[in-house]
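Step one of this worksheet: look at the structure below.
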Amino acid sequence: MSILKSTFAFAMLAIFSVGLAIAQPPADRQGPPMPDAAQIEAMMTKMSQELSLSSDQQQQVQQLFDQHFKAVEEKMANGRPERSEMKQLKDELDQQVNAVLSEEQQALYEKYKKENRPQRGRKERREK
């Protein structure tokens, strides 16, 4: 009888472990996925319209975004970067973009960032 109990306990433990492994997100992925060229272009188009960027500002901001995503790619190529490193890159991008914008556009940029922030499942929790 004790062999049957231990076999049952082992089987339940194995099933539970497999269930946990399946439910976990991939360990090598952190944060939102990297946007591709088309997504960056769409983001720039939307941002240009919402902030009323001049063509010169569009070129400057596009260059800043290209440099930013290249730096992010380099950090991620070397393994899982620290959260603080990624925050620093984001903060640097925001400072550089704000330097290109007028005060009115800076306020619109803050609004744009809040409205277009990637959602990580938190929205569903707030709605409940």
Side-chain angles (χ1 to χ4, degrees):
M1 180 80 119
S2 67
I3 293 176
L4 184 60
K5 283 183 180 179
S6 59
T7 303
F8 179 76
F10 180 77
M12 293 307 294
L13 181 62
I15 291 170
F16 182 75
S17 298
V18 170
L20 281 178
I22 291 171
Q24 297 297 317
D28 61 339
R29 189 171 167 269
Q30 180 179 359
M34 284 289 287
D36 59 24
Q39 290 170 322
I40 293 172
E41 185 177 333
M43 179 175 58
M44 283 300 307
T45 300
K46 183 176 180 183
M47 193 168 127
S48 294
Q49 292 170 348
E50 290 188 23
L51 276 61
S52 300
L53 298 179
S54 68
S55 60
D56 186 44
Q57 286 176 315
Q58 287 177 23
Q59 289 176 334
Q60 291 176 3
V61 172
Q62 178 70 52
Q63 186 177 23
L64 293 171
F65 273 86
D66 291 343
Q67 291 170 355
H68 170 75
F69 287 118
K70 183 178 180 184
V72 169
E73 262 184 41
E74 289 172 4
K75 290 269 185 200
M76 295 184 82
N78 296 326
R80 184 179 227 168
E82 292 291 324
R83 184 180 298 256
S84 61
E85 292 177 291
M86 299 306 285
K87 183 179 180 334
Q88 181 180 357
L89 286 177
K90 182 183 172 299
D91 291 345
E92 287 172 5
L93 172 67
D94 287 343
Q95 288 174 355
Q96 293 168 335
V97 169
N98 278 321
V100 173
L101 304 176
S102 69
E103 285 185 37
E104 181 181 325
Q105 288 172 319
Q106 289 175 6
L108 292 171
Y109 180 53
E110 288 303 313
K111 181 181 175 188
Y112 170 84
K113 289 187 307 182
K114 287 178 184 173
E115 290 174 355
N116 294 284
R117 185 176 305 152
Q119 298 296 319
R120 297 185 189 176
R122 295 181 183 150
K123 186 175 182 180
E124 295 87 23
R125 281 188 236 148
R126 277 187 252 137
E127 292 174 353
K128 289 182 180 177

### Query
Going through the distances and angles, do K113 and D94 end up as a side chain to side chain contact (heavy atoms under 4.5 Å, CB included)?
CA-CA 10 Å; K113 289 187 307 182; D94 287 343; 3.0 Å; yes
### Q105 and Q57: side chain donor to acceptor below 3.5 Å
yes
### Distance-minimising heavy-atom pair for L101 and Q106
O-NE2, 3.4 Å
### Query
Is a salt bridge present between K70 and E73, judged by a nitrogen-to-oxygen distance below 4.0 Å?
no
### Query
What distance do K87 atom NZ and E85 atom CD have between them, rounded to the nearest 0.5 Å?
13.5 Å
### Message
I'd like to know whether NZ of K111 has more than 12 heavy-atom contacts from other residues, nucleotides or ligands below 6.0 angstrom.
### Response
no
### Query
If we ignore angles and hydrogens, is there a donor and acceptor under 3.5 Å between the side chains of Q62 and D66?
yes
### Minimum heavy-atom distance between E110 and N98, given as atom pair plus value
OE2-ND2, 4.2 Å
### Message
Is the ring pair F65/F69 parallel, tilted or perpendicular, if the boundaries are 30 and 60 degrees?
### Response
tilted
### Message
With rounding to the nearest 0.5 angstrom, report the CD to CD distance, Q88 to E82.
### Response
12.0 Å
### Message
Can you see whether Q95 engages D91 through a side-chain donor-acceptor pair at a distance of less than 3.5 angstrom?
### Response
no
### Message
Could you tell me if Q63 and Q59 have a donor-acceptor pair between their side chains, going purely by distance under 3.5 Å?
### Response
no
Under 3.5 Å donor-acceptor pairs involving side-chain atoms of residues 41-50, not counting sequence neighbours:
from : atom 1 : to   : atom 2 : distance (Å)
T45  : OG1    : E41  : O      : 2.9
K46  : NZ     : N116 : OD1    : 2.9
S48  : OG     : M44  : O      : 2.7

## Note on the structure
Shortest non-hydrogen pair, V100 vs V61, comes out as CG1-CG2, 4.2 Å
### Query
Within a strict 4.5 Å, meaning less than it, do heavy atoms of the L93 and V97 side chains meet?
yes
